[in-house]
Amino acid sequence: MFAPVTSKPDLVAQEHEILALWRERRTFARLRAQNAGGPRWSFLDGPITANNPMGVHHAWGRTYKDVFQRFHAMRGEDQRWQNGFDCQGLWVEVNVERDLGFTSKRDIEEHGIAEFVRLCKQRVLTFAARQTEQSIRLGYWMDWNDPDELLRLRDLLGADPAAEATLAGPRGPVTDRVEMLVGRLGMPELGGSYFTFSNENNDLIWGFLAECHRRGWLYKGHDTMPWCARCGTGISQHEMTEGYADRTDPGLTVRFPLLDRPGEALLVWTTTPWTLTSNVAAAVGPGLRYVKVRQGDSIFWLGRGTVQQALVGPFEILDDRAGSELVGWRYRGPFDELPAVRAGFAAGGAGGAPYEHVVVAWDQVGEDEGTGIVHIAPGCGAEDFALGKSLGLPMLAPLDEGGTFIDGFGFLAGRDVRDSAEPVVEHLKHHGLFYRLEPIVHRYPHCWRCGTPLVFRLVDEWFVSMGPVYDVPRDQLTRQQVDASLRYQIMEVVDGIRWLPSFGYERELDWLLNMHDWMISKKRYWGLALPIYDCAACGSFDVVSGREELRARAVEGWEQLEGHTSHRPYVDAVRIACRACGAPVGRIPDVGNPWLDAGIVPFSTLHYREDPAYWQEWFPADFVTESFPGQFRNWFYSMLAMSTVLRREAPFRTIFGYATLFGEDGRPMHKSWGNAIEFDEAAERMGVDVMRWMYAKARPDDNILFGWHAADEARRELLVLWNVYAFFVTYARLAGWSPGVEAVSPPTPSQVAGRPPLDRWILSRLAGLAARVEDRLANYDPDSAASVISGFIDELSTWYLRRNRKRFSRPDDPADRDAAFATLHLTLAGLVRVLAPLLPFLTEAMHQNLVVAVGLPAPESVHLTRWPAPELAALRDPALEDATGLAQRAVDLVRTLRSQAGLRTRQPLARLWIALPGVAHPDLDALLEVIADEVNVKDVVRIDDESELVERRVKPLLPKIGRKLGGAIPAVMAAARAGAFEILADGSVSLAGVVLAPDEVELLVSPRPGTAVAHDDGLVVVIDTELTDALRAEGDAREIQRAVQDLRREAGLDLADRIDLCLDLGPAATAVGPYLDAVATETLADSVTSGPLPAGWSQAGVKISGGEVAVALRRAAPGGQPEAAHG
RNA sequence: GGGGGAGUAGCUCAGCGGUUAGAGCAGGCGUCUUAUACACGCCACGUCGAAGGUUCGAAUCCUUCCUCCCCUACCA
């Protein structure tokens, strides 16, 4: 017997029950065991940063991951089920700093790097545990670590990283030092999620870098890079994605007095006053015109095209020269008295001779902004650096890592660059160099992590060369050219990948073509220790390929690393002998760009090094998916680059990208905007199946607008399904119906041949659904799968069930009733399997009741069943589906007609005529009865010739005749609309003085007003609107019945309660009398009496055609009627 | 700054040469229903961002402009 089902389910409570059920029965472990050894489907998880609780935007991607994994599991495919956590890098550092109240790198060093790194590891474990719990709540099936164990490990790490501890692994307990256990997480002996801080991950990155070095692609660059003063690190081009934001800066115009032209000065504009301290040149455009102007006592030089924007107040033009004539003029710099400037100029530029400020030519100079004369500080700007390098100018670098002016910069020394604008301006004013200051708003790069505006700083960083860009199309490159350029090799790999949506392919290629070399170093603490050994003695450098090599080559400090993971500070202690000169050399202090950590995952997690056979089996991944904004230059890129270097092949076959999640108002979720929804809150208020349904239905390449209203909409849809299920269970319980064994064996067409056409129809639709959804999911098209399912639920509810409702509640034909139950049961049980990957909880709840609770010999979880399409395939009957579709449309047409004629459906009609030209199907007669029943018509008459019921129209086909007729078109169209045409014998049409060939027009039929409606297939329906007294009386009886049913509900009666009924019919009594038996049956009335209504009964009035009628009822005394209760 | 996309009903969007511009949601009215949750029917003259142009015909193609979004960038 099925367990009772409420029509108002508590989905959230139910989800918690299902989670407990899965835990208790170890359902996921059984699924893995069941599929072990099956054909492989390799999914590679993009690691989620374990730095905060997961958000609803993560839940979107994780829903996709779970849907596809569950789907492939239902096809019997073996999978790895490994989640990943991204662990290293600035994300974590910034939060740990914040927790500790740190504001600079000095704070970290004073606190101790070892302790800081340990806190970073602990933070990762904290949020890995948290995200694990949340993911489990989402129904995301993965080989999760026990979150409590992760937290225990975190606490042990905090207590004593060197202590021994034991973890339970899939192959038995593993004992090691706590720190090393943390480093071994995700390895086969421990199982569970992979962590990018793992020993294996870091070691394989060393191998990758060593390989880059072996090929000569790794180098140290000396350049001005964008730099975050707060984080104390360079920002690579890869990280600039979300780094630009509008910012207001001082737009400062200053005077550079000319040494050889007394009283004259260059006017120079800058938005970064601090860089004036390091000015070495002023650049003019050699092709631009420059003018000398007088303003009061002052004489300035500036670009002719800039005088309006740059000058304040009246001026007089005294001279006009080409920029090239200004080149070589000497001027006095704004900060010449600073020791650092004097020293730098004395040392000179590339030539070594002492240097003076001078005007130089630069073809990049424009006149759109500023004064047409550009202040050049090669130590403070990327383009300045390039220019300075080409001209051999001296370079002044005023800032240290923390963005503080270094010694030698006088009154600015020790001052933070972010607070330097005002003192610089004061200094200029004091020295008479100030001209003008006004704020300017412009796009300026900011640190992607902490939001601090970046400065440009002269630094040494390490790069992986992407190779040359050739000035020819890709298909004209030679083999040698490609072999010499990593970027083109990656492009070749990209060619072999399926990109969804397809524009991803173009975008990735575009990025690859335009990207700069990959800056991999970060002057930070928590991250991959770059295995680069840069020898100060001889200037050569070496890259160590792994921890084993380091051990073998260590000449000192190994004992300090022993027992620790290869992180700072312990790894910094090790020195090796320089291969070139033999001197002991230590590691550079830099850590790695975090995308190295995620990019190596196709190798590290698949045991590339330790188990090549395993790697061969699972590489490349069949599928990866992440949100695409930003990932083209991050995870996608780093995986592609690393796989290309190591193997020159694609690390994944299909990549599925999806867009961005916003709040319901279309803006990014933001706590202070009130549109943010936390994952936990969403899960416990809307339920995760509702969330998953929203995600599944969203178009992946569109942004999703997530909110409570959207959730209500999704929930309503799920409740339609739930209500079908609740209906089924309610009536099956009332009827005492249970499914037989045949309910779980694939039904054959002959088994269902005797059932009514609508039964066979819904089963055919189900079979089609399973096939279609399989096709969609196999092609990574989840939204289309969801909408197909949506359509099916709709027709199951509003057509199949609506039409067949009575069959479930009537005992008069038990065979038919059982057929209805069996059909609906099979349909629901099958639908649940098709939906299982998308809605794991709702479907499991239904499966438990529909299949498991009644003892059917089937898997104990819907997620252990196989994809149902193959076993259902034989039930497909396209011809029946077509015929039924026609009937559905006919019903729609009749409803429209009734509505137009003011005849409610409750009022029976004598007959309708229907024309079905050319339709023949063995079930047609039965379907016509379905129509008659649905629209409450006594008799359906099929006619072949609809000509008397319709009028003809002609529709000229404009695309065909447009060119030919030209200006005559308006007249032709008007004639067609007016019906002023003649159909000639050969089928051509004459109108408005023109004859159109048969293939130039379309002949249509349309209803004569007030009678019928034609449909596109030539389907025509007409109703007989004439009402006889008998029809009216029957309609009245139905009206009374409706009133009684409403009254039952008002009185709070149960579905099966029997009643005593009393009617005060008045003059209508005679006419309605013959139909009262039927009313009694439908309303479960044991007795029907007439006359004045008894006091104390529930009462109501109802209008019928014959006047006003009053009804009253009460619950009948139990046992008053021997007949068994039936709905 | 460069490149791309988009501006259509209150909201989300479809239509992308064919004369009467559609759908879903929200709203209004009605119908059906002891599955009370729905569903169905009807209701949209909206300057199709603005202005020009091409055409028999423009939301659709072209030009200019306005607004927004995305990608991209070393601009002072």
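Model, not experiment: these values are computed from the prediction. Naming: A, B, ... by sequence-line order, numbering from 1 per chain.
Contact annotation: Arg716(A) side-chain N/O to rC25(B) OP1/OP2 distance is not under 4.0 Å. Of the side-chain N and O atoms in Arg906(A), one or more sit less than 4.0 angstrom from OP1 or OP2 of rU33(B). Proximity of Arg805(A) to the phosphate of rU36(B): no side-chain N or O atom is located under 4.0 Å from OP1 or OP2. In this structure, Arg1048(A) does not reach the rU33(B) phosphate: none of its side-chain N or O atoms is under 4.0 Å from OP1 or OP2. Taking 4.0 angstrom as the limit, Arg1058(A) places none of its side-chain polar atoms (N or O) nearer than this to OP1 or OP2 of rU34(B). Within the 4.0 Å cut-off from OP1 or OP2 of rU34(B), at least one side-chain nitrogen or oxygen of Arg1042(A) is found.
Atom P of nucleotide rC75(B) and atom CD1 of Ile440(A) are separated by 13 Å, given to the nearest angstrom. One can place CG of Asn804(A) at 15 Å from C1' of rU33(B), the figure rounded to the nearest angstrom. Rounded to whole Å, atom P of rC74(B) lies 13 Å from atom CE of Met515(A). Between Glu367(A) atom CD and rC75(B) atom C1' the separation is 15 Å, expressed in whole Å. Remark: C1' of rG57(B) and NZ of Lys960(A) are 19 Å apart, rounded to the nearest angstrom. What separates CZ of Phe662(A) from C1' of rC70(B) is a distance of 10 Å, to the nearest Å. Protein atom CG of Asp363(A) is 16 Å distant from nucleotide atom P of rC75(B), rounded to whole Å. Rounded to an integer number of Å, the gap from CG of Asn936(A) to P of rU31(B) is 15 Å.
Between the side chain of Glu461(A) and the backbone N or O of Met519(A) there is no donor-acceptor pair closer than 3.5 Å.
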Please report, to 0.1 Å, the donor-acceptor pairs under 3.5 Å made by any side chain of residues 505-513 of chain A, with sequence neighbours excluded.
unit_1: Tyr505(A); atom_1: OH; unit_2: Asp495(A); atom_2: OD1; d: 2.6
unit_1: Asp510(A); atom_1: OD1; unit_2: Asn514(A); atom_2: ND2; d: 3.2

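Counting only heavy atoms from C-beta on, Arg507(A) has its side chain closest to rC70(B) among rC70(B), rA76(B), rU34(B). Minimum atom distance to the side chain of Trp511(A) is reached by rA73(B), of the listed rA73(B), rA39(B), rC74(B). Picking from rA76(B), rA39(B), rC74(B) the nucleotide with the shortest atom distance to the side chain of Glu383(A) gives rC74(B). Side-chain proximity of Thr798(A) to rC32(B), rA39(B), rA76(B): nearest is rA39(B). Side-chain atoms of Ile969(A) lie closest to rG18(B) of the nucleotides rG18(B), rC75(B), rA37(B). Here the side chain of Val724(A) is nearest to one of rA35(B), rU33(B), rC75(B), namely rA35(B). You'll find that the side chain of Val720(A) is closest to rC38(B), out of rA35(B), rC38(B), rU34(B).
By the 30° and 60° cut-offs, the orientation of the rings of His825(A) relative to Phe728(A) is tilted. Using a 30° and 60° split on the angle between ring planes, Phe808(A) and Phe727(A) fall in the perpendicular class, above 60°. Aromatic ring pairs are classed by plane angle as parallel below 30°, tilted from 30° to 60° and perpendicular above 60°; the pair Trp722(A) and Tyr725(A) is perpendicular.
Contact annotation for Arg715(A): no contact, since no heavy-atom pair falls under 4.0 Å across all strands. No engagement by Ile376(A) is indicated, since no non-hydrogen atom pair under 4.0 Å with the nucleic acid exists. Within the nucleic acid shown, Gly366(A) comes within 4.0 Å of at least one base atom, counting heavy atoms only. Nucleic acid contact for Thr730(A): none, since no nucleic acid atom lies under 4.0 Å from a heavy atom of the residue. Residue-level contact check: Val365(A) touches the bases, meaning some heavy atom is under 4.0 Å from a base atom.
When the nearest nucleotides of RNA chain B are assigned to Leu801(A) and Gly372(A) by heavy-atom distance, the more 5′-ward of the two goes with Leu801(A).
Shown here are the salt bridge (Lys or Arg N to Asp or Glu O under 4.0 Å) partners of Glu1039(A), two or more places apart in sequence or in another chain: Arg904(A), Arg906(A). Every residue two or more places apart in sequence or in another chain that forms a side chain to side chain donor-acceptor pair (under 3.5 Å) with Glu717(A) is listed here: Lys697(A), Ser790(A). Annotation: ring-ring contact (aromatic ring centres under 6.0 Å, His included) contacts of Tyr331(A) (sequence neighbours excluded): Phe256(A), His357(A). The side-chain contact (heavy atoms from CB on, under 4.5 Å) check on Pro700(A) picks up Tyr64(A), Phe656(A), Tyr658(A), Asp783(A), with sequence neighbours excluded. The side chain to side chain donor-acceptor pair (under 3.5 Å) search around Arg803(A) returns Asp933(A), Glu934(A), not counting sequence neighbours. A search for side-chain contact (heavy atoms from CB on, under 4.5 Å) contacts involving Ala377(A) returns Thr275(A), Ser278(A), His375(A), Cys380(A), Asp384(A), not counting sequence neighbours. With sequence neighbours left out, Ala1078(A) forms a side-chain contact (heavy atoms from CB on, under 4.5 Å) with no residue at all. Not counting sequence neighbours, the partners of Val720(A) by the side-chain contact (heavy atoms from CB on, under 4.5 Å) test are Ile793(A), Ser797(A).
Between the C1' atoms of rU54(B) and rA9(B), the separation comes to 30 Å (whole Å). Here the separation of rG10(B) from rC66(B), taken at their C1' atoms, is 23 Å to the nearest Å. Comparing rA44(B) with rC29(B), their C1' atoms sit 14 Å apart, to the nearest whole Å. Comparing rG46(B) with rG41(B), their P atoms sit 24 Å apart, to the nearest whole Å. Here the separation of rA21(B) from rC68(B), taken at their C1' atoms, is 23 Å to the nearest Å. Taking atom P on both rG17(B) and rG7(B), the two are 15 Å apart, rounded to the nearest angstrom. Between the P atoms of rC62(B) and rA6(B), the separation comes to 11 Å (whole Å). Across rG49(B) and rC11(B), the matching P atoms stand 14 Å from one another, rounded to whole Å.
Residues Arg1038(A) and Asn936(A) meet the side-chain proximity criterion, which asks for heavy atoms closer than 4.5 Å. Proximity of Leu11(A) to Asp689(A): side-chain heavy atoms (C-beta onward) are nowhere separated by under 4.5 Å.
In RNA chain B, runs of at least 3 consecutive Watson-Crick or G-U pairs, each pair with both distances below 3.5 Å, span B:1-7 with B:66-72, B:10-13 with B:22-25, B:27-31 with B:39-43, B:49-53 with B:61-65.
Contact annotation: side chain of Ser797(A) to base of rA35(B), donor-acceptor pair present below 3.5 Å.
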What string of B, S and - do you get for nucleotides 5-17 of chain B, 5' to 3', if B is base contact, S is sugar-phosphate-only contact and - is no contact with any protein heavy atom under 4.0 Å? -------------

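Residues from residues 271-285 of chain A with heavy atoms under 4.0 angstrom of RNA chain B, sorted by number: Thr271(A), Thr272(A).
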